Protein chains: 2
Amino acid sequence: MEPKTERAADRAYLLLRREIIGGRIPAGSHLAEADLATQYGLSRTPIRESLRRLQSEGLVEVEPHRGARVVDWNSFDIEGIYDLRALIEGFVAHRAADRLTDAQLSHLAELCDRMESLTAQGSLADAEVMSDFAQLNELFHGGIAEAAGADYVIPARSMLVVLPVILQALHSYATVDFERSNRHHRELLSAFRSKDAEWASSVMTSHVLSSKRRLMEAIRDKSKESAAVMELPPPKTSADQVSA
Amino acid sequence: MEPKTERAADRAYLLLRREIIGGRIPAGSHLAEADLATQYGLSRTPIRESLRRLQSEGLVEVEPHRGARVVDWNSFDIEGIYDLRALIEGFVAHRAADRLTDAQLSHLAELCDRMESLTAQGSLADAEVMSDFAQLNELFHGGIAEAAGADYVIPARSMLVVLPVILQALHSYATVDFERSNRHHRELLSAFRSKDAEWASSVMTSHVLSSKRRLMEAIRDKSKESAAVMELPPPKTSADQVSA
DNA sequence: TGGGCAGTGATTGTATGCAACGTACAGGGT
DNA sequence: ACCCTGTACGTTGCATACAATCACTGCCCA
């Protein structure tokens, strides 16, 4: 069931992706193939493949003969990404409403249960729990996308989902935010059970847009908060070499 | 100005893509790396890169240790793809309305001119002219997407644009169809010039949906037409080896 | 006769060597 | 002092060799 990743290229891809998303490799870092190869104990070939894959997902930029660099999140249009994502997830929910099987529905319900129990524990400030929640959330939305039976949304979603995950991991939310998200998910399930595509679509759209709004506020607060620190320019260390 | 493609991998990618889109490689063909390498006079390395790129665009499927196969169009959900594309292109047009520069606008207008002159020539049955028209059309829509300043739509569009191009090339349209398309483009320009995002978005959406409808009709007609031929099952020759 | 199994050929995955390109720095000229 | 250029180094791009995996055939055995 679990596609045990045997290929070295896959392992390298997953590891690198994890490093980047986790923020352990600073934005703008130059990713030298040889360095990564020795670091992961592989040759350059699978590393190259990984980098190209990450490029197609928009996680790294690579210029010919000049190598790959981790993209700079700060330069991204967060609002635009969320707007498009709201559109696509709404579309996906609309299609899924007609196609979800009972088994898929109950699987989604189970994911809801687990997210709610994490929320109830109240320990969402913990980065570990936070990460678990994010993963469950991704499984929930991914499950809907899968049920929609539209393979062509996969490349579209691949890039649109990454950034939200990163950003949400970087900011801390209150319990009420998770509770609202959980309520949205439950309402989605209701819409799905009644096979009401329009309802499902609109709930999904508002779900994404509300999380966009919440994130924008979190960013605004954080940038205010760190305004004082920013007064002295940041030291120009690092940010140009991955080898810690 | 012209990004002269020097890298062998890029050339191979473009050529292969052209072959696939042009239908010269039948759906389901097994793409053996060594064959392609000798065929293009390259080594397997750049070929591999091309195949992986085509995979991320959804043009080929590749299973570990089992190689790449050209995807089968017939199994695709054409309506769904067009529906999603209508959504995304509408979104793109909405954003572009606020951002298009005068230079970009006049460039789009020039593309319209050229498409109209091709239509006026009336020789659109010619595959050559048809291909030129399709390319201009892609430049038109691509230009709008670029002006929208939303890099994150690129992977989304990459897959959504390919299939329409293929299918439209396979079916013949009447002059009135192209004229309608040209009118839509002109109206889009009007909306852009008046910076009316809502108008632009709705024109774009209806533009895509109308071309979807037209395509669906063409497919229906063609399948009826060839129903008689289909009565005896197709010979199981070819379709499994690219080497002619 | 049918099914399983090992061997063989072909194909993909990975490692490594070499060539081409880009960058940085030092030296000389204006 | 500034700019231009040539050279040296590091990195990427491509080719090729080798290893691992898969598919297929023919054989053996129940």
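The shown structure was predicted, so the numbers you read here are calculated from the model rather than taken from an experiment. A note on names: the letters A, B, ... follow the listed sequences, proteins ahead of strands, and every chain is numbered from 1.
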Worksheet entry | B:Arg69 side chain to B:Gly28 backbone, donor-acceptor under 3.5 Å | yes

Item to complete: Starting from C1' on C:dA20, measure out to CZ on B:Arg7 and report it in whole angstrom.
Response: 13 Å

Discussion item. Tell me whether A:Glu146 at atom CD has more than 12 heavy atoms from other residues, nucleotides or ligands lying less than 6.0 Å away.
Written reply: no

Discussion item. If I compare all heavy atoms of A:Ala96 with all of A:Phe192, which pair ends up nearest, and what's the gap?
Written reply: CB-CE2, 4.2 Å

Discussion item. Rounded to whole Å, please give me the gap between CG in B:Leu36 and P in C:dT11.
Written reply: 12 Å

Fill in: Flag side-chain contact, heavy atom, 4.5 Å: B:Arg53 against B:Asp10
yes

Worksheet, complete the sentence: From the candidates D:dG13, C:dG13, C:dT14, the one with an atom nearest any side-chain atom of A:Ala9 is C:dT14

Worksheet item: Does B:Arg114 CZ have over 12 foreign heavy atoms under 6.0 Å away?
Response: no

Worksheet item: Counting only side-chain N and O atoms of B:His30, is one of them less than 4.0 Å from OP1 or OP2 of C:dT12?
Response: yes

Worksheet entry | Presence of A:Arg48 side-chain N/O under 4.0 Å of D:dT12 phosphate oxygens OP1/OP2 | no

Discussion item. Expressed as a whole number of angstroms, how long is the span from A:His65:NE2 to D:dG13:P?
Written reply: 6 Å

Worksheet item: What is the distance, rounded to the nearest whole Å, between atom OH of A:Tyr40 and atom C1' of C:dA15?
Response: 19 Å

Practice prompt. Among D:dC14, C:dG13, C:dT16, find the nucleotide with the atom closest to the side chain of B:Ser43.
Written response: D:dC14

Worksheet item: Among D:dT11, C:dT14, D:dC14, which is the nearest nucleotide to the side chain of B:Thr45?
Response: D:dC14

Discussion item. Distance check needed: C:dA15 P versus A:Ile47 CD1, whole Å only.
Written reply: 9 Å

Worksheet, complete the sentence: Taken to the nearest whole Å, CD/B:Glu61 to P/C:dT12 is 15 Å

Worksheet item: With a non-hydrogen cut-off below 4.0 angstrom, is A:Ala37 in contact with a base, only sugar-phosphate, or nothing?
Response: nothing

Worksheet entry | Short side-chain N/O contact to D:dG13 OP1/OP2 from A:Arg52, under 4.0 Å | yes

Discussion item. Is the phosphate of D:dT11 approached by A:Arg66 (side-chain N or O, under 4.0 Å from OP1 or OP2)?
Written reply: no

Worksheet item: Tell me: CD of B:Glu49 to C1' of D:dC14, nearest whole Å?
Response: 10 Å

Item to complete: May I have the distance from A:Arg44 (atom CZ) to C:dG13 (atom P), rounded to whole angstrom?
Response: 19 Å

